[in-house]
Novice: 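Here it is: the structure, laid out below.
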Amino acid sequence: MLKLGVNIDHVATVRQARYRSNPDSRRRVEPDPVEAALLCERAGCHGITAHLREDRRHIIDEDIVRLRQAITTRLNFEMANSEEIIAIALRVRPDIVCLVPEHRQEVTTEGGLDVAGHSASLRETVRRLNGAGILVSLFVDPEPAQMEAAATVGAQFVELHTGRYADHFHLKRERNDELQRLIAAAEAARSAGLQVNAGHGLTVENVALIHLVPHLEELNIGHSLISRAIFVGLETAIREMLGAMAGYAAGPKA
Ligand code: PXP
């Protein structure tokens, strides 16, 4: 079964928009990403994803600690390969860490990791996290060379960046090109012995063609779910997405 990890950063973004500059009022924690995570679990999601950015623009340290204590599915801790955040991961012990590139100016994670270009430091981080019992995923663009590099540094998973596919969804030729890249990358990841997740920019509409990508374990989805939740509520939004993902067959496609 294709699993759904819900990225609840966007709930924290709404909270921080009001309370960031007033730490005292932050105790009102409205909307609370932990409460949102529990609703997502009640609706049937398989995991919760949260990104503690170095600038703490949405998720803050105590959210990660509270999520670890409260949720009963898996905690996927998205983070940069930075010493400060690695130390937090080693303390909090999420089930899995997804390492992402991080730039202060970006609105969201814009590109995948250059694994080959940072192999020594990534290998060391994977070793330390694995040593604490934490699985490691690397967020990568759908390029076969990145899959080999991810396996070489010892990661267990890759998360294929679906942002370009999502951005080109309404342009038939470009969309098909991006789908082919995702399919080839998933095959390369599997051949390299990696498990395969995917995410970024996925919606109920564009997830339909993601069924063509083989070997997927989990999709990590945030923005479209939280946007939809404004109109129909979080639980309904999650159930709609689970419905759109149902029937996924992981094997090679005919
Ligand atoms: N996966 C990763 C690695 C991400 O950085 C993000 C965005 O925070 C997502 C998945 C979810 O993307 P979206 O919010 O566009 O669904």
Side-chain angles (χ1 to χ4, degrees), residues 2-14 16 33 36-37 40 45-60 63-64 67 74-82 85 89 94-115 122 135-142 146 150 155-169 178 182 185-186 189 194-207 210 213 216-230 234 237-238 240-242 244-245:
L2 182 56
K3 300 191 193 90
L4 173 62
V6 179
N7 184 318
I8 41 90
D9 299 349
H10 308 274
V11 176
T13 298
V14 176
Q16 297 306 89
C40 295
C45 81
H46 305 93
I48 300 295
T49 296
H51 184 176
L52 184 67
R53 295 186 77 104
E54 291 181 277
D55 63 9
R56 310 301 200 267
R57 71 171 72 156
H58 39 55
I59 293 291
I60 57 174
D63 293 330
I64 291 290
L67 281 169
R74 299 197 322 164
L75 177 60
N76 173 23
F77 184 20
E78 247 186 61
M79 54 179 258
N81 184 20
S82 93
I85 310 286
D95 299 280
I96 181 164
V97 154
C98 181
L99 292 171
V100 300
E102 208 175 281
H103 310 289
R104 295 266 156 133
Q105 275 74 32
E106 68 191 358
V107 175
T108 179
T109 316
E110 281 166 2
L113 281 171
D114 173 13
V115 182
L122 286 170
L135 296 167
V136 179
S137 177
L138 304 180
F139 187 52
V140 288
D141 290 325
Q146 295 295 345
Q156 286 71 52
F157 284 81
V158 281
E159 179 171 326
L160 302 180
H161 194 325
T162 50
R164 278 183 62 86
Y165 160 74
D167 287 346
H168 294 88
F169 184 69
E178 292 305 323
L182 288 166
L194 294 158
Q195 298 183 74
V196 193
N197 296 334
H200 215 285
L202 296 178
T203 65
V204 160
E205 187 188 12
N206 70 26
V207 90
I210 291 294
V213 180
L216 294 175
E217 301 267 336
E218 182 168 272
L219 302 180
N220 284 305
I221 307 180
H223 182 86
S224 70
L225 287 172
I226 306 305
S227 304
R228 179 77 178 139
I230 292 171
L234 200 45
I238 301 297
E240 286 175 356
M241 184 60 79
L242 287 169
M245 290 164 55

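Every number for a ligand or one of its atoms is a count from 1 in the order of the listing. As the structure is a prediction and not an experimental result, all values here were calculated from the model. Every heavy atom of this structure was used, including side-chain atoms; hydrogens, water molecules and symmetry mates were not.
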Novice: Between SG of Cys45 and CG of Leu234, what distance do you get to the nearest 0.5 Å?
Specialist: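 Result: 9.0 Å between the selected atoms.
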
Novice: For the CG atom of Asn197 and the CG atom of Leu138, what is their distance to the nearest 0.5 Å?
Specialist: 11.0 Å

Novice: For atom NE2 of His168, is the number of surrounding heavy atoms from other residues, nucleotides or ligands below 6.0 Å larger than 12?
Specialist: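 More than 12 within 6.0 Å, yes.
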
Novice: Just jot down the side chain to side chain donor-acceptor pair (under 3.5 Å) partners of Asn220, sequence neighbours excluded, or say none.
Specialist: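 With sequence neighbours excluded, Asn220 shows a side chain to side chain donor-acceptor pair (under 3.5 Å) to Thr49, Glu159, given in chain and number order.
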
Novice: State which residues pass ring-ring contact (aromatic ring centres under 6.0 Å, His included) with Phe157; sequence neighbours excluded, sorted by chain then number.
Specialist: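 For Phe157 there are no ring-ring contact (aromatic ring centres under 6.0 Å, His included) partners, ignoring immediate neighbours.
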
Novice: Within a distance under 4.0 Å of any heavy atom of Asn220, pick out the atoms of ligand 1 and give their elements.
Specialist: 10 (C), 11 (C)

Novice: Which of the atoms in ligand 1, numbered in the order shown and given with their element, are less than 4.0 Å from a heavy-atom of His10?
Specialist: 14 (O)

Novice: Below 3.5 Å, N or O to N or O, backbone or side chain included: is there any such pair between Glu78 and ligand 1?
Specialist: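 Between Glu78 and ligand 1, an N or O pair is found under 3.5 Å apart.
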
Novice: Tell me which part of His51 gets within contact of ligand 1: side chain, backbone, both or neither, using heavy atoms under 4.0 Å.
Specialist: neither

Novice: Do Met79 and Leu99 have side chains that get closer than 4.5 Å, going by heavy atoms?
Specialist: yes

Novice: Under 4.0 Å from a heavy atom of His223: give me the atoms of ligand 1 that qualify, with their elements.
Specialist: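 Heavy-atom distances to His223 below 4.0 Å select 13 (P), 14 (O), 16 (O).
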
Novice: For the atom pair OG1 (Thr162) and CG (Leu182), what is the distance rounded to the nearest 0.5 Å?
Specialist: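 It comes to 7.0 Å.
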
Novice: Under 3.5 Å, N or O to N or O, is Leu202 touching ligand 1 that way?
Specialist: no

Novice: Which of the atoms of ligand 1 are close to Val100, meaning less than 4.0 Å from one of its heavy atoms?
Specialist: 3 (C)

Novice: Counting heavy atoms only, which part of His161 comes closer than 4.0 Å to ligand 1: side chain, backbone, both or neither?
Specialist: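 Within the 4.0 Å criterion, His161 makes no contact with ligand 1.
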
Novice: Using heavy-atom distances, let me know which of Val6, Leu219, Asn7 sits nearest atom 9 (C) of ligand 1.
Specialist: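 Among Val6, Leu219, Asn7, the closest heavy atom to atom 9 (C) of ligand 1 comes from Asn7.
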
Novice: Looking only at non-hydrogen atoms, which of Gly201, Ser137, Cys98, Gly199 approaches atom 15 (O) of ligand 1 most closely?
Specialist: Gly201

